[in-house]
Amino acid sequence: MPRSQREGRRNYDGPFDGVPAHLAPQLSEWLTETLEGTSDPDGAAKYLALRLHIELDTYYPPIGQVVGACLDDEELFLDCVEGALRFQQRMGTASQPARSLDALLKLSGSKYKLSDNSQHLVDAVEPTVEATRAAATSVTDEATEELSEAWAKAYGRSPDPSDAWDHAIKAVEVMLRPVVEPHNNKATLGSMIAVLNNSPSKWVCVFPGGNDDNAVENLIATLRLIWPNTDRHGGGGRAPTLQEARAVVTLSATIVQWHREGTVLSKR
C-alpha cells in the first residue's frame, strides 16, 4: 500500500465509478487492440457504431472514431467494452482480452469487474459476499446458471431487480425440488414451502434451532424471506427495489451454497 494511503491522505483502491481519468488511456488501448483482434475489425467497429448510435465519418478509420467517441462518454465507453468482448467470444478468443481487461479493472480500482461469462461488467462486491457467490456457482449446473443470471441482473450495469429476484428463486427451486417434491417437475418455491409447512415433523434442516431439534420451521422462515417476489412475475405487484433484490440474490446464493456443502434439508 502506498505511503500516502497508509497515512489516510489518499485513496488508490477506489471503488471508482465510470471510467476515471487514470484508466481511460489504457482502456482505450485495450478497446482498440480488442477490436483489431476480431476477424473483421472495421465491421466490428461499424456494428458498435450502429448499435450504440455513434456517428462515423466515412473518410476516417471507424475504430479510431469509436474509441474517440468513448473518451467523451463514460457510459458509451463501457458499452463498447462489453461489445468488444462479445465479438471476441463469438470468435472463441475472448480469454486473453478478458484477462487483460480484468487486470486493468482491478489495478485501477474500478467499481466494476467481469461477470463469470466474461460478457458483462458487474459491480464488484464485498469479498465475503463474492466468496459466497463463487462457492454457490462452483458447479456447472442449472442452479449455477440461474444464480449467475440473477447476479448479473442484480449487480450488472443494467440492473433488473424483478428479474434478478425471479432467477434467484429459480436457483433455490432447482436445489430443493429433488428433495421436497422429486416427482413434480413443476414444483415452485411456494409449493415446496407449503409441503414443508404441512408436514414439518417429516423434515429436518441444518439449523439446530432453539430446541436443538433441527426443526424445519427454521428453514421455512428463511425461504419465506425470498418468496414471493413483490412483483409477482410482473403480475401487477410492487416492483422490488435494487437493494431488496440484491439481498434476495445474496440469500439465495447462501442457501445454494449450504446445500452444495451438505444437504440443508432432508427427511427424518
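The figures that follow rest on heavy atoms only: side chains count, while hydrogens, waters and symmetry mates do not. Computed from a predicted model, the values in this text were never measured in an experiment.
Not counting sequence neighbours, the partners of L71 by the side-chain contact (heavy atoms from CB on, under 4.5 Å) test are A24, S28, F77. T32 pairs by the side chain to side chain donor-acceptor pair (under 3.5 Å) definition with nothing, not counting sequence neighbours. For E29, the side-chain contact (heavy atoms from CB on, under 4.5 Å) partners are E33, not counting sequence neighbours. Judged as a salt bridge (Lys or Arg N to Asp or Glu O under 4.0 Å), and not counting sequence neighbours, the contacts of R133 are D116, E130.
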Problem set entry | Verdict with reasoning, D79 to D73, per side-chain contact (heavy atoms from CB on, under 4.5 Å) | CA-CA 10 Å; D79 288 340; D73 187 329; over 6 Å; no

Problem set entry | side-chain contact (heavy atoms from CB on, under 4.5 Å) between L104 and L23, worked out | CA-CA 8 Å; L104 283 177; L23 173 61; 4.3 Å; yes

Exercise. When you look at Q89 and Q119, which way does the side chain to side chain donor-acceptor pair (under 3.5 Å) test go after all the steps?
Worked result: CA-CA 8 Å; Q89 283 210 324; Q119 290 187 1; 2.8 Å; yes

Problem set entry | Derivation of the side-chain contact (heavy atoms from CB on, under 4.5 Å) call for L265 and V206 | CA-CA 6 Å; L265 175 71; V206 69; over 6 Å; no

For this session: Check the pair M175, H259 against side-chain contact (heavy atoms from CB on, under 4.5 Å), reporting the backbone distance first and the verdict last.
Result: CA-CA 7 Å; M175 296 302 292; H259 203 75; 3.5 Å; yes

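When every heavy atom of A152 is checked against every heavy atom of V122, the shortest pair comes out as CA-CG1, 4.3 Å. Scanning all heavy atoms of the two residues, the minimum distance from I63 to P41 falls at CD1-CB, 3.8 Å. Across S118 and A98, no two heavy atoms sit closer than the pair OG-CB, 3.9 Å. Across A44 and T38, no two heavy atoms sit closer than the pair CB-OG1, 3.8 Å. The two residues D123 and K111 make their nearest non-hydrogen contact at OD1-CE, 3.3 Å. In this structure, A154 and P159 approach most closely via the heavy-atom pair O-CB, 4.3 Å.
The closest side-chain heavy-atom distance from N229 to S162 is below 4.5 Å. Taking the side chain as every heavy atom from C-beta outward, E173 and T188 approach each other to under 4.5 Å. Residues W30 and P97 are in side-chain contact: their nearest non-hydrogen atoms beyond the backbone lie under 4.5 Å apart. The closest side-chain heavy-atom distance from Y155 to R246 is below 4.5 Å. Residues T128 and T132 form no side-chain contact, since every pair of their non-hydrogen atoms from C-beta on lies 4.5 Å or further apart. For the pair L31 and C70, the minimum side-chain heavy-atom distance is below 4.5 Å. Between V66 and C80, some side-chain heavy-atom pair lies under the 4.5 Å cut-off. With contacts defined as side-chain heavy-atom distances shorter than 4.5 Å, the pair T250/V125 does not qualify.
There is a path of hydrophobic side-chain contacts, each under 4.5 Å, that joins V264 to V195. In the hydrophobic cluster analysis, where Ile, Leu, Val, Met, Phe, Trp and Tyr join through side-chain heavy atoms closer than 4.5 angstrom, V172 is grouped apart from V174. Grouping the Ile, Leu, Val, Met, Phe, Trp and Tyr side chains by contacts below 4.5 angstrom, directly or via other members, places F207 with I193. Criterion: ILVMFWY side-chain heavy atoms under 4.5 Å apart, direct or through other members. Under it, L225 and I255 are part of a common hydrophobic cluster. Placement of L101 and L48 within a single hydrophobic cluster is found when ILVMFWY residues are connected by side-chain heavy-atom separations under 4.5 Å, directly or transitively.
With hydrogens and angles ignored, the 3.5 Å screen pairs a side-chain donor or acceptor of N198 with a backbone N or O of A194. Side chain of E244 to main chain of T241: a donor-acceptor pair is present (N/O by atom type, distance under 3.5 Å, no hydrogens or angles). Looking only at distances, no side-chain donor or acceptor of W165 sits under 3.5 Å from a matching main-chain atom of P240. A donor-acceptor distance shorter than 3.5 angstrom exists from the side chain of S115 to the backbone of H120, with no hydrogens or angles considered. With hydrogens and angles disregarded, no donor-acceptor distance shorter than 3.5 Å links the side chain of T263 to the backbone of S266. A donor-acceptor pair under 3.5 Å is formed between the side chain of R177 and the backbone N or O of A187. Checked by atom type and distance alone, the side chain of Q88 pairs as donor or acceptor with a backbone atom of T34 at under 3.5 Å. In terms of modelled atom types and a separation under 3.5 Å, the side chain of N218 and the main chain of A215 share a donor-acceptor contact.
Using a cut-off of 4.0 Å between Lys/Arg side-chain N and Asp/Glu carboxylate O, R238 and D231 are scored as not salt-bridged. The pair K106-D102 meets the salt-bridge criterion, with a side-chain N (NZ, NE, NH1 or NH2) lying under 4.0 Å from an Asp/Glu carboxylate O.
Distance check, rounded to the nearest 0.5 Å: SG of C205 to CD1 of I220 gives 8.5 Å. One finds the CG atom of L105 at 10.5 Å from the OH atom of Y112 (value rounded to the nearest 0.5 Å). To the nearest 0.5 Å, atom CG of residue L27 and atom CD of residue E74 are 10.5 Å apart. Once rounded to the nearest 0.5 Å, the distance linking CG of N197 with CE of M192 reads 14.0 Å. Taking CH2 of W203 as the start and CD of E217 as the end, the distance is 13.0 Å to the nearest 0.5 Å. From Q257, atom CD reaches atom OG1 of T137 across 10.0 Å, with rounding to the nearest 0.5 Å.
Among residue pairs with one or both ends in residues 55-68, none qualify as side-chain hydrogen bond (donor to acceptor under 3.5 Å, both in side chains); sequence neighbours excluded. Sorted by first and then second residue, the side-chain hydrogen bond (donor to acceptor under 3.5 Å, both in side chains) pairs involving residues 139-154 (not counting sequence neighbours) are D141-T144, D141-R260, T144-R260, E146-H167, E149-K153, K153-D163.
Residue Q26 qualifies as open at atom CD: its count of foreign heavy atoms under 6.0 Å is 12 or below.
Test V249, V248, L242 against P161 for side chain to side chain contact (heavy atoms under 4.5 Å, CB included) and you get one pass: L242.
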